[in-house]
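Because the structure is a prediction, the values reported are computed rather than measured.
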There are 2 protein chains.
Amino acid sequence: METLTFFDYSLIYNSFSFTFATMMAATLFFWLNLGSVAVAYRPALVITGLVTFIAAYHYLQIMLSFGDAYTVSNGVVTATGNTFNVAYRYVDWLLTVPLLLIELILVMNLTRSDTVRKATTLGFAAALMIILGYPGEVAADMDTRLLWWVLSMIPFLYIVFTLFVGLKSSIASQPESARGLITLACWVVIISWSFYPIVYLMPNFGVESAFLAVEIGYSIADIIAKAGFGVLIYMIARRKSEAEGYVA
Amino acid sequence: METLTFFDYSLIYNSFSFTFATMMAATLFFWLNLGSVAVAYRPALVITGLVTFIAAYHYLQIMLSFGDAYTVSNGVVTATGNTFNVAYRYVDWLLTVPLLLIELILVMNLTRSDTVRKATTLGFAAALMIILGYPGEVAADMDTRLLWWVLSMIPFLYIVFTLFVGLKSSIASQPESARGLITLACWVVIISWSFYPIVYLMPNFGVESAFLAVEIGYSIADIIAKAGFGVLIYMIARRKSEAEGYVA
């Protein structure tokens with residue numbers, strides 16, 4: 001395990017706790033607000049809450065696993081020898097990343113066949129992206145790490161392309177009051193997701209205290225991509241409900 | 001760690017347990033009463049419950065961390081060497097203090113642009129206040145502690161000014177039956193929040209058993225500022241719902 005100062009240990013541990021609390025609060029916010037959007041948008045809001053709920057569970061596990069990997073005694077941090085389980089992040093992403101794209105498709109309220117087709121292809125590409133990233137994350141060798149990064153970027157670029165080109169006509173068909181927010185949501189996906197491949201490559205760049213940077217970086221990216229993105233989905237659902245004359 | 005008598009240890013531990021139970025009960029009270037206020041006030045009540053929910057989580061963690069930092073055997077309290085994590089309070093405040101101001105703005109039911117503008121500026125000032133307080137809280141040096149206290153007071157005074165001057169016309173536009181309660185809510189924010197900078201300075205004043213005073217003081221202030229303030233928000237939402245002819 002990494003050697004950590006007390007400051008670094010505290011910063012990482014507390015950022016896991018912060019992320020858990022944020023994800024749990026976001027989940028309850030989405031679900032308690034189900035009644036404030038029209039019925040057509042409730043599946044999108046249910047899934048939005050599932051994403052943050054699954055993330056909350058994994059951050060709790062990550063925090064506990066991190067706590068098990070070290071003991072802190074009188075301000076000195078010592079590795080216990082227990083392994084810090086990095087796989088929790090990948091298990092989380094494997095579940096949540098396809099769901100994130102599905103919530104975006106669902107809030108657009110397209111035709112049934114269009115919804116199924118877009119949700120399936122984007123969801124499948126997202127899962128593939130995560131699966132291809134994992135072997136590199138656990139590889140000690142930097143060339144292997146880079147190889148899987150490149151492979152994982154192929155479905156990532158396909159998703160970016162779909163969000164910008166494939167969804168153009170679908171976005172144009174949205175009510176005017178929601179169109180700006182949906183375009184913003186696409187941008188949030190692309191910008192916040194771009195963060196992950198950069199964080200992933202930090203050990204390749206030989207960044208000092210890469211462990212700290214990776215853990216804090218992924219936590220911030222997760223909060224923006226899941227809770228922040230979810231608030232956008234909620235706002236889109238509200239605007240569209242209002243545009244359609246829904247009164248809660 | 002501090003040397004504690006059995007009496008002090010019990011008082012602190014049980015006040016954490018009391019605060020956890022109060023926050024959890026308050027959360028359930030707010031959410032179970034969602035149906036008793038008009039739709040326009042439910043977002044305020046959802047957020048009120050989120051604040052006490054997030055606080056409940058952090059008091060549980062504070063209680064567990066405090067329990068880990070000491071062993072009690074035959075009435076003798078011994079420090080285990082495990083660190084008592086003081087950062088939980090700051091992580092909590094970083095999330096809850098902006099939300100507290102947002103719930104006050106939401107219950108006023110202003111225009112959308114006014115709500116967004118006031119919620120953003122007050123929320124940002126509140127987060128800045130917490131961030132500036134933290135470096136002083138963990139500093140061993142008393143001058144450093146005082147310096148960050150002064151910096152943190154700048155956004156605090158801005159918030160006080162906004163609540164008293166900036167919201168004057170918004171409060172005047174509220175139905176008469178709720179106006180008194182909203183003014184009271186502003187006072188509760190200012191008085192209960194004033195408690196924190198006083199507690200913060202206790203080590204600077206060289207108060208005997210400052211550790212005890214700080215932990216108990218913060219717990220009482222949190223109960224008033226979150227659960228107590230939340231009950232006021234609930235009462236305001238009820239009065240306004242009734243004034244608008246809402247029948248639950």
For A/Phe164, does the CZ atom have more than 12 heavy-atom neighbours from other residues, nucleotides or ligands under 6.0 Å away? yes

Within residues 221-245 of chain A, which positions have a heavy-atom distance to chain B below 4.5 Å? A/Arg239, A/Glu242

Which residues in residues 90-121 of chain B have any heavy atom lying under 4.5 Å from a heavy atom of chain A? B/Val91, B/Leu94, B/Leu95, B/Arg112

So with a 6.0 Å cut-off around CZ of B/Phe124, is the heavy-atom count from everything else above 12? no

From B/Thr83 atom OG1 to A/Tyr9 atom OH, the distance as rounded to the nearest 0.5 Å: 8.0 Å

Between B/Thr80, B/Ile54, B/Asn85, B/Val51, who has the most heavy-atom pairs with chain A when the cutoff is under 4.5 Å? B/Asn85

Quick check: under 4.5 Å, non-hydrogen atoms only, which of residues 14-23 of chain A neighbour chain B? A/Asn14, A/Ser17, A/Phe18, A/Phe20, A/Ala21, A/Thr22

Interatomic distance, B/Asn82 atom CG to A/Asn74 atom CG [nearest 0.5 angstrom]: 9.0 Å

Interface residues of residues 24-47 of chain B facing chain A - non-hydrogen atoms under 4.5 Å apart: B/Trp31, B/Leu34, B/Val39, B/Val46, B/Ile47

